[in-house]
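Since we're looking at a predicted model, the values are computed, not measured. Below, chains carry the letters A, B, ... as their sequence lines are ordered, and counting in each starts from 1.
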Amino acid sequence: MLDIKLIRDSPDLVRTTLQRRNLDPAKAGLDELIALDAAWRADQQRVNELRAERNAASSEIKKLSGDDRQAAIARVKALKDELASIEAGLAERSEQRDRLLRAMPNLLADDVPGGHSDEDNAEISRWGEPRQLGFEPRDHVELGQLTDTIDFERGAKVAGAAFYYFKREAVLLEQALLAYAARELMPRGYIPIATPDLAKDEILDGIGFAPRGPETQVYSVENSDLSLVGTAEITVGGYHGGEILEAESLPLRYLGYSHCFRTEAGAHGKESRGLYRVHQFTKAEMFVLCTPESSIEHHEEIREIEESLLKGLALPYRVVNVCSGDLGAPAFKKYDIEAWMPGRGRYGEVTSCSNCTDYQARRLNIRYRPEAKASPRIVHMLNGTAIAVSRTLLAIYENYQREDASIEIPEVLRPLMGGIAQIPSRG
RNA sequence: GGAGGAGUGGCCGAGUGGUCGAAGGCGGCGGUCUUGAAAACCGCAGACGUGCAAGCGUCCGGGGGUUCGAAUCCCUCCUCCUCCGCCA
């Protein structure tokens with residue numbers, strides 16, 4: 001969430017941000033929030049005064065006895081009743097205020113392009129040339145069938161549409177990709193961390209996911225406050241919740257491994273074929289906690305790492321700067337990296353990275369102490385995909401396919417697959 | 001699953017109704033001493049809210065209650081530990 005002080009001091013900045021995000025400030029309740037906050041502060045002040053009075057009167061009581069004591073107790077009781085009535089209103093106001101405050105999206109970086117959908121994302125670079133295959137490329141669904149390594153039909157039979165089985169070399173390929181991420185990132189200071197696949201709703205909410213409700217993308221567990229995580233961003237972000245970190249420990253770089261579960265409500269349509277949009281996949285996620293001064297720099301570093309991972313796999317890609325309308329509430333700025341996907345004949349998102357500045361950290365109350373004795377400050381948090389297995393595997397299948405439907409294994413992954421150099425066609 | 005015990009500041013740990021935001025220790029910071037460092041000694045130090053500030057308020061796992069007053073009493077939830085059972 002935003003700092004309430006920012007909203008008090010710079011309401012116009014917040015108003016402009018909402019407009020850039022194609023949100024109506026009135027509908028978002030900005031003015032309502034400002035009014036509510038002012039009223040809340042007035043109430044708070046009044047309550048403080050009454051409490052001070054009550055505390056003072058109360059501490060006198062122990063010195064009194066007899067009728068004086070009884071009279072004093074009666075006075076304090078009256079004060080208490082008055083206080084209770086204001087406190088009730090205060091609690092309600094504070095709740096409303098928090099609800100509106102938490103609903104405000106993050107500020108935007110100056111260079112976030114305006115726009116309404118992913119079509120308005122701004123391409124900023126390209127790397128690699130799509131291979132000249134010299135034959136009509138198959139898509140990964142067909143390749144998965146012909147190699148007997150991806151089984152969507154039985155996935156649907158057992159778990160429903162958009163579930164799948166990996167078999168044979170695909171299993172090794174998944175493990176190789178996950179190992180590849182660790183091998184590349186550990187030298188860069190990333191700490192591998194395998195996280196729970198479920199998290200409490202309050203953590204989901206802290207990261208900016210709506211755990212329940214009609215719009216949710218999240219599977220929740222009945223009769224509990226747990227949900228299946230959509231990304232390790234949730235569990236790694238929650239890892240330091242409520243803590244005050246030492247300045248020397250920053251930046252903290254994590255490589256979080258988890259399964260990811262997404263309902264993809266309302267997303268059934270064009271992209272529903274194959275691995276591109278599935279209900280479950282495995283992912284290695286980069287997560288960085290750093291000082292506010294360094295987050296922009298770290299964002300660029302994460303983007304650079306994501307590019308280097310794709311370069312290592314020799315997958316052609318382009319980088320886009322995600323436009324304001326396509327940006328989630330916690331993100332200050334986000335890059336998508338889109339690999340070439342021959343089966344679709346275009347680029348498709350395989351990784352992305354977001355600078356969420358202090359938005360999530362404030363909700364999760366993650367701070368650091370700049371130096372001894374100094375007051376704590378909110379950290380900045382960033383996340384980025386190292387490897388999303390499903391989409392990366394999709395891109396490898398389609399880019400490395402041969403005419404006979406066998407699939408070459410990218411050079412860097414072969415040592416991680418016991419030397420396997422190709423997936424044979426079994427068609 | 002059953003039975004007990006415990007959750008206090010960065011850490012350890014006192015504290016069973018008022019003067020406790022909380023002794024003491026460790027760690028931290030500043031200083032004295034020293035060529036420098038260590039040791040020793042002296043001192044300073046919680047978080048949050050509000051306020052220009054002084055201050056005031058809130059916070060002793062979470063929530064609720066009793067009381068004029070709760071770290072302290074009651075209820076409830078969570079977490080951890082020990083023992084038993086069960087499973088691996």
Side-chain angles (χ1 to χ4, degrees), chain A residues 1-10 33-102 195-196 198-206 211 220-227 235 238-250 252 289 291-292 358-379:
Chain A
M1 62 186 165
L2 294 176
D3 187 350
I4 184 69
K5 285 176 190 152
L6 175 87
I7 295 174
R8 280 174 205 158
D9 299 343
S10 316
L33 172 57
I34 291 167
L36 213 46
D37 178 55
W40 171 84
R41 275 198 288 173
D43 276 2
Q44 180 72 55
Q45 199 127 345
R46 179 76 189 120
V47 164
N48 270 359
E49 285 163 14
L50 283 172
R51 280 180 183 161
E53 215 177 306
R54 178 203 61 191
N55 291 347
S58 187
S59 64
E60 290 301 311
I61 285 174
K62 63 172 190 282
K63 299 177 192 160
L64 304 172
S65 59
D67 289 349
D68 286 351
R69 185 184 172 91
Q70 290 315 311
I73 288 176
R75 269 202 308 282
V76 175
K77 269 187 166 165
L79 213 51
K80 228 177 75 162
D81 291 342
E82 186 183 352
L83 198 50
S85 68
I86 302 179
E87 275 174 338
L90 183 77
E92 199 174 314
R93 279 218 170 101
S94 138
E95 229 167 84
Q96 274 183 53
R97 166 179 166 270
D98 284 355
R99 203 174 48 243
L100 284 172
L101 177 59
R102 293 175 76 83
T195 82
L198 289 86
K200 294 181 184 176
D201 290 342
E202 73 182 72
I203 305 291
L204 290 258
D205 185 66
S220 49
V221 179
E222 221 177 333
N223 301 321
S224 82
D225 62 346
L226 291 172
S227 295
T235 39
Y239 188 68
H240 288 295
E243 297 180 14
I244 299 176
L245 305 166
E246 294 304 321
E248 307 81 62
S249 68
L250 299 180
L252 268 171
L289 300 93
T291 62
D358 59 0
Y359 190 86
Q360 300 172 321
R362 182 170 291 108
R363 297 168 91 128
L364 294 164
N365 196 23
I366 305 177
R367 294 169 292 171
Y368 78 103
R369 203 179 293 283
E371 49 195 272
K373 294 177 95 167
S375 286
R377 299 175 71 201
I378 312 269
V379 301

- Query: At under 4.0 Å between heavy atoms, what does A:Arg8 touch on the DNA or RNA strands: base, sugar-phosphate, or nothing?
  - Reply: sugar-phosphate

- Note on the structure: note: A:Glu87, atom CD; B:rG49, atom C1'; distance rounded to Å ~ 14 Å

- Given RNA chain B, 5'-ward residue of the pair A:Ile4 and A:Glu246, judged by closest heavy atom: A:Glu246

- Counterpart base for B:rG28, defined by Watson-Crick or G-U wobble contacts under 3.5 Å: B:rC44

- Message: I'd like the C1' distance from B:rG62 over to B:rG55, given in whole Å.
- Response: 30 Å

- For B:rG49, the nucleotide meeting Watson-Crick or G-U wobble distances (both under 3.5 Å) is B:rC56

- Message: Quick check on RNA chain B: between A:Arg377 and A:Val76, whose nearest nucleotide comes earlier from the 5' end?
- Response: A:Arg377

- Query: Hey, is the side chain of A:Arg367 poking within less than 4.0 Å of OP1 or OP2 on B:rC48, counting only N and O atoms?
  - Reply: yes

- Side chain of A:Ala52 (C-beta onward), nearest among B:rC56, B:rG51, B:rC48: B:rC56

- Over how many whole Å does the gap from A:Asn55 atom CG to B:rC56 atom P extend? 10 Å

- Message: Using the P atom as the point on both nucleotides, what is the distance between B:rG43 and B:rU82, in whole Å?
- Response: 42 Å

- Query: Among B:rC68, B:rC48, B:rG57, which nucleotide sits nearest the side chain of A:Lys80?
  - Reply: B:rC68

- Query: So, does A:Arg377 use its side chain to make a donor-acceptor pair with the main chain of A:Arg367 at under 3.5 Å?
  - Reply: no

- Message: Taking B:rG64 as the reference, what is the distance to B:rC11 when you measure between their C1' atoms (whole Å, please)?
- Response: 31 Å

- Taking atom C1' of B:rC52 as reference, at what distance in whole Å does atom CG of A:Asp9 sit? 14 Å

- With the side chain of A:Trp40 defined as its heavy atoms from C-beta on, choose the nearest nucleotide among B:rU67, B:rU50, B:rA47. B:rU50

- Message: Looking at A:Ser85 and A:Glu82, would you say the former's side chain and the latter's main chain have a donor-acceptor pair under 3.5 Å?
- Response: yes

- A:Glu202 atom CD is separated from B:rC77 atom P, nearest whole Å, by 18 Å

- Watson-Crick or G-U wobble partner for B:rC68, using a 3.5 Å limit on both distances? B:rG18

- Does a donor on one side chain and an acceptor on the other come within less than 3.5 Å for A:Thr235 and A:Thr195? yes

- Item | Among B:rU58, B:rG18, B:rU50, the one nearest A:Arg51 by side-chain distance | B:rU58

- Whole-angstrom distance between B:rG30 and B:rA54, as gauged at atom C1': 25 Å

- Query: Checking all strands, does A:Gln45 fall into the base, sugar-phosphate, or nothing category for heavy-atom contacts under 4.0 angstrom?
  - Reply: sugar-phosphate

- Look through every strand shown and name the nucleotide pairing with B:rC33 as Watson-Crick or G-U wobble, where both distances are under 3.5 Å. none

- If we take the P atom in both B:rC83 and B:rC44, what is their distance in whole Å? 46 Å

- Should A:Arg369 be listed as having a side-chain N or O under 4.0 Å from OP1 or OP2 of B:rG46? no

- Query: Between A:Lys200 and B:rC78, is there a side-chain N or O to OP1/OP2 distance below 4.0 Å?
  - Reply: no

- Query: Which base, if any, makes a Watson-Crick or G-U wobble pair with B:rG7, both distances under 3.5 Å?
  - Reply: B:rC78

